[in-house]
Amino acid sequence: MRISDLLASDVQDAGGTSLGQVRDVRVVQDGPVVGGVQAAFRVDALLVGRGTLGGRLGYHHGQVQGPWLLRMLLRRASRTVRTIEMTQIDRWDDEQRIVHLR
Amino acid sequence: MMPAARVLYASLDLLDRQLRDRHGVECGNVDDLELTRHDDGRLYVTAILSGPGVLLYRLGRRRLGSWIQRAHRRTGFADDADHARVPIELASTISASIDLAIDRTDHASFAGERWVGDHIISHIPGNDHDADQ
Amino acid sequence: MKKLLGVFLGVLSAIGGFVDIGDLVANAETGARFRMNLAWVVVVGVVGIIVYAEMAGRVAAVSGRPVFDLVRERLGPRFGLANLGASFFINFLTLTAEVAGVAIAISLLSSINYLFIVPAAAVLVWLVVWRMPFETMERIFGLLGLCLLVFAVTVWKIGPDWNQLLSGVVHPHVPSEENPFTYAYYGIALFGAAMTPYEVFFFSSGAVEDKWTVKDLGENRINVLLGFPPGGLLSLAIMACAHLVLAPANIGVGTLDQVSLPVALTLGKVGLAIVLIGIFAATFGAALETALSAGYVIAQYLGWTWGKHAAPRRATRFHLVIIITLAASTFFALSGVDPVKVTEYSIVLSAAALPLTYFPILVVANDPSYMGEHTNGRWLNAIASVYLVVLVAVALATIPLMIITKAGQ
């Protein structure tokens, strides 16, 4: 399985309504240590919604703050993106590329 | 007290980052990431994927990308290993670029470099000296 | 003391290296047709390239990433690829124009037909990229480029009515025999000639390869702030020469020797020889940078090893791209295209494509995860944002204007 499959997946709630596409994947380095000295990278949450330029550039969940002009233009769209924790996911059909929520 | 675990975003912080080998030389970009489901039922990022065909797969040309990857595995290197796959444990620094504890000569993207070197560049005189000597 | 000398030489070669074939053609053509009424665009362009180059240099020094690396990473591989296609194509046009410029300068000095010299010029450029000590060559060509100061000497020798000269600069207007669309089109061309993208690709890649750090930022800023404005003044001197000599005589600029005509008429054979050496040096230096940029943009997008210092054996695909691009430029130049026309298209399209690379740099320059504490300050951001708006406006206006004015007729 690849992250590109996850990023191309549609997210549907229990009723089958589409909540949008997976736009980014939050990864936390707190898994059990495997083969080395680093903790494993656990997939923690999905950012779902409409794809936006601001999100891609780092104005939403990244750290970019300026310039003022771009922040004004690009930040508004961040309200359309929501975070889905992995615990809310029922299953991921990686053949059809659909993430089904509970 | 445990320090806070590092939080990253795949698309923002990992994908399309420049990869450097243990000597600091460029050896490709992060084209994709491998995900594995462990026994605890959770998904983990287990490897960095980079090399011919990988980006094509990600851009939607899945069959063509997979075909190129398979073809490259058979012809690019002498052994059977997947040189496009770098286990994530070998990523020593993740910042503006990602440093890998490998030699670029072991990486999938080097096959093309080696081919061009052997078949074209090495036939032109003066190819071995550094400029600015 | 030695460091000071190094900085001084660096600034001098930045001045001599500022002007390339695009500036020569754009400033001369504009001076001949519009007198000094577009001089303000040169000022705007010089400030713009100072802002852009400083940001790109700072990003390279602090994050260790050059421009096209960041283009793919910020815009994503799809948009990054479109961006790469456009940038590479425009760079190719520019390279053809610069190589042609080298060949024309040599042909004017030697009276050998320019078409015979084009392949030799391309091979010469390639040899320097392949083998020669790069820093030394850049210094030499940069300093030789100072011969172009003869344009300033020409203006002084003519002894113009300074009030009249400056009135066009300070109170620009569209001359009665021209229309506003052509005025705007030439303005865009001048702007694109001043804010050349390849300059920034080259500059930022060099900074990464030389492993600039935060400590080098000061020298970066000195080179940019002290080198670019005099370069801009040199451009204006070229414009003034055309305004003073060509415009009254109704001579247009269709070939490179018309650019140097004012110098020849005022300072005679010696002046002409000096200006041709200056043109040779300026275009040769620019050809080197553009040839390397062809390799940089492709190698950086694809993640290949690149570099101008390392032996070619260590960056094989990068050097192959440069060889192929130089060969293609040679064929294109030999196919009989008018080098001045190619230059015009390259600078106009450069202006239109500026947002593609400026925008990602501006964003990264504001990203603390890359820049630490060296993100853009508020004032710089304000100026940089204004320029972003200007660049987008220019980009949107270019193709329509090109169509309306039939590419500046």
Side-chain angles (χ1 to χ4, degrees), chain A residues 1-9 21-49 51-64 78 81 83-97 99, chain B residues 2-17 30-51 53-62 65-66 69 82 84-96 98-102:
Chain A
M1 286 178 290
R2 302 184 180 199
I3 208 146
S4 56
D5 294 323
L6 191 52
L7 287 168
S9 294
Q21 242 192 321
V22 178
R23 293 297 162 188
D24 210 338
V25 176
R26 189 168 75 204
V27 171
V28 180
Q29 198 180 3
D30 63 0
V33 175
V34 254
V37 290
Q38 296 187 77
F41 290 84
R42 180 178 59 84
V43 174
D44 181 57
L46 306 177
L47 298 183
V48 181
T52 55
L53 179 62
R56 193 204 298 270
L57 292 173
Y59 284 93
H60 298 173
H61 49 283
Q63 297 181 40
V64 188
S78 69
V81 173
T83 309
I84 309 262
E85 306 284 330
M86 292 309 277
T87 48
Q88 292 170 262
I89 295 176
D90 180 31
R91 70 184 187 286
W92 173 32
D93 182 350
D94 60 315
E95 291 287 313
Q96 296 282 318
R97 283 181 202 94
V99 175
Chain B
M2 285 272 287
R6 187 168 185 172
V7 177
L8 294 168
Y9 288 92
S11 200
L12 202 56
D13 300 317
L14 294 173
L15 286 175
D16 299 308
R17 289 273 160 129
V30 178
D31 293 326
D32 211 335
L33 295 168
E34 180 191 81
L35 297 176
T36 312
R37 198 179 291 281
H38 281 176
D39 301 329
D40 58 7
R42 293 171 168 170
L43 275 177
Y44 289 84
V45 174
T46 44
I48 291 173
L49 303 173
S50 165
V54 181
L55 183 61
L56 265 179
Y57 181 100
R58 180 165 143 231
L59 291 179
R61 297 265 177 280
R62 293 193 173 90
S66 300
Q69 275 183 263
D82 186 358
R85 179 186 179 275
V86 179
I88 194 98
E89 303 86 61
L90 294 178
S92 57
T93 314
I94 298 179
S95 65
I98 298 181
D99 299 326
L100 302 174
I102 60 169

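Values below: every heavy atom of this structure, side chains too, minus hydrogens, waters and symmetry copies. Remember, predicted model here, so these are calculated numbers, not experimental data. Just so we're on the same page: letters track the sequence lines, and every chain starts at 1.
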- Query: Do other residues, nucleotides or ligands put more than 12 heavy atoms under 6.0 Å from B/Arg61 CZ?
  - Reply: no

- CG on B/Asp40 to CZ on A/Arg42, rounded to 0.5 Å: 9.0 Å

- Query: Taking all non-hydrogen atoms of both residues, which atom of A/Ser4 and which atom of B/Arg58 are closest, and how far apart?
  - Reply: CB-CG, 3.5 Å

- Query: Tell me, do B/Leu15 and A/Leu7 make a side-chain contact under 4.5 Å, heavy atoms counted?
  - Reply: yes

- Query: Is the CD atom of A/Glu95 crowded by more than 12 outside heavy atoms at less than 6.0 Å?
  - Reply: no

- Message: To check you understand the geometry: which heavy-atom pair defines the closest contact between A/Gly62 and B/Leu12, and what is its length?
- Response: CA-CD2, 3.4 Å

- Query: Can you say whether B/Leu14 sits under 4.5 Å from chain A via the side chain, the backbone, both, or neither, judging by heavy atoms?
  - Reply: neither

- Query: At a heavy-atom separation under 4.5 Å, does B/Leu49 approach chain A through its side chain, its backbone, both, or neither?
  - Reply: side chain

- Query: Between B/Leu33 and A/Phe41, is any pair of side-chain heavy atoms under 4.5 Å apart?
  - Reply: no

- Does the pair A/Gln38 and B/Ile88 meet the rule for a side-chain contact (heavy atoms from CB on, under 4.5 Å), with working shown? CA-CA 9 Å; A/Gln38 296 187 77; B/Ile88 194 98; over 6 Å; no

- Here the pair of heavy atoms bringing B/Ser11 nearest to A/Asp24 is N-OD1, 2.7 Å

- Interface moiety of B/Arg6 toward chain A, non-hydrogen atoms closer than 4.5 Å: both

- Item | Per-residue contact mode, A/Ala8 against chain B (heavy atom under 4.5 angstrom) | side chain

- Can you say whether B/Ala91 sits under 4.5 Å from chain A via the side chain, the backbone, both, or neither, judging by heavy atoms? backbone

- Message: Only pairs of heavy atoms separated by less than 4.5 Å count here; which of B/Asp31, B/Val45, B/Leu35 has the most with chain A?
- Response: B/Leu35

- Side chain / backbone / both / neither for B/Leu55 at chain A, heavy atoms under 4.5 Å: neither

- Of the non-hydrogen atoms in A/Gly31 and B/Tyr44, which two are nearest, and what is the gap between them? CA-CE2, 3.8 Å

- For A/Leu6, is it the side chain, the backbone, both or neither that has a heavy atom under 4.5 Å from a heavy atom of chain B? side chain

- Message: If you define the side chain from C-beta out and look only at heavy atoms, does anything of B/Val54 sit under 4.5 Å from A/Arg2?
- Response: yes

